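These notes are about the structure you will find just below.
Fair warning: this is a prediction, and the values are worked out from it, not measured in the lab. Counting from 1, the numbers follow the sequence of the chain as shown.
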Amino acid sequence: QVHFEESGGGLVQTGESLRLVCRASGSDFSSFSMGWYRQSPGKQREFVARVSSVGNTKYADFVQGRFTVSRDSLNNMVYLQMNSLNPEDTAVYYCNQMNPRTVYPTFDSWGQGTQVTVSS
């Protein structure tokens with residue numbers, strides 16, 4: 001079974017940075033796009049960023065140049081460098097394989113996510 005393990009979240013102040021890490025297992029993800037999502041209480045899970053098998057990237061509008069998604073395909077690792085964080089970024093962040101032409105995840109199987117909390 002596929003499994004995603006997210007880490008790197010924490011409690012930071014407005015304007016600070018975090019680097020999230022996703023370790024994917026149970027399949028070979030190197031030929032597929034991978035993405036990050038986030039969810040706050042009472043809200044739907046939303047798309048954050050996507051990186052293709054060759055390193056092309058796409059971001060949600062709210063990112064506004066603050067985040068960078070990257071990957072180490074040989075180890076099925078995906079990263080999300082988040083700078084200039086603000087309280088609106090507070091959420092649980094998840095990773096998943098993605099359809100390369102949409103913002104939707106491939107698997108209905110999610111990890112525990114990693115909590116990002118940004119204080120003002």
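- Distance OH/Tyr94 to CG/Leu20: 12.5 Å, rounded to 0.5 Å.
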Show which side-chain atoms of residues 5-13 pair as donor or acceptor with protein atoms under 3.5 Å away, not counting sequence neighbours.
from, atom 1, to, atom 2, distance (Å)
Glu5, OE1, His3, NE2, 3.2
Glu6, OE1, Gly113, N, 2.9
Glu6, OE2, Cys95, N, 2.9

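- Hydrophobic clustering (ILVMFWY, side-chain heavy atoms < 4.5 Å, transitive): Val103 and Tyr59 are in distinct clusters.
- Residues Ser40 and Ala91 come closest through the heavy atom pair OG-CB, 3.5 Å.
- For the atom pair Asn99 CG and Thr106 OG1, the distance stands at 6.5 Å (nearest 0.5 Å).
- Closest heavy-atom contact between Gln97 and Phe4: N-CZ, 3.8 Å.
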Pair up each side-chain donor or acceptor in residues 47-56 with any protein partner under 3.5 Å, not counting sequence neighbours, and list the distances.
from, atom 1, to, atom 2, distance (Å)
Arg50, NH1, Thr102, O, 2.4
Arg50, NH2, Pro100, O, 3.2
Ser52, OG, Val54, N, 3.2
Ser52, OG, Gly55, N, 3.3
Ser52, OG, Asn56, N, 3.0

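- Counting only distance, with no hydrogens or angles, the side chain of Asn96 and the backbone of Phe107 share a donor-acceptor pair below 3.5 Å.
- Residues Trp36 and Val63 are members of one and the same hydrophobic cluster, defined by side-chain heavy-atom contacts under 4.5 angstrom among Ile, Leu, Val, Met, Phe, Trp and Tyr.
- Rounding to the nearest 0.5 Å places SG of Cys22 at 9.0 Å from CG of Asn76.
- Distance check: Met98 CE to Phe29 CZ gives 14.0 Å after rounding to the nearest 0.5 Å.
- Residue pairs that meet the salt bridge (charged side-chain N to carboxylate O under 4.0 Å, His left out) test with at least one member in residues 89-101, sequence neighbours left out, are Arg38-Asp89, Arg66-Asp89.
- Looking at heavy atoms from C-beta onward, Leu18 lies out of side-chain contact with Gln81 at the 4.5 angstrom threshold.
- Hydrophobic clustering, defined by side-chain heavy atoms of Ile, Leu, Val, Met, Phe, Trp and Tyr closer than 4.5 Å, groups Tyr79 together with Val21, Met77.
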task: Let me see the working for Arg71 and Met34 under side chain to side chain contact (heavy atoms under 4.5 Å, CB included), right down to the final yes or no.
output: CA-CA 8 Å; Arg71 68 190 298 167; Met34 299 290 290; 3.4 Å; yes
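- Taking Ile, Leu, Val, Met, Phe, Trp and Tyr as hydrophobic and joining them when side-chain heavy atoms fall under 4.5 Å apart, one finds Leu74 isolated, its cluster having no other members.
- Across Trp110, Tyr104, Tyr93, a single residue satisfies ring pair (Phe, Tyr, Trp, His ring centres under 6.0 Å) together with Tyr37, and that is Trp110.
- Taken to the nearest 0.5 Å, the CE atom of Met82 stands 8.5 Å off from the OG atom of Ser17.
- Between the side chains of Asn86 and Thr14, not a single donor N or O lies within less than 3.5 Å of an accepting N or O.
- Listed by chain and residue number, Thr90, Val92, Thr117 satisfy the side-chain contact (heavy atoms from CB on, under 4.5 Å) test with Gln115 (two or more places apart in sequence, or in another chain).
- From Asn75, atom CG reaches atom OG of Ser25 across 12.5 Å, with rounding to the nearest 0.5 Å.
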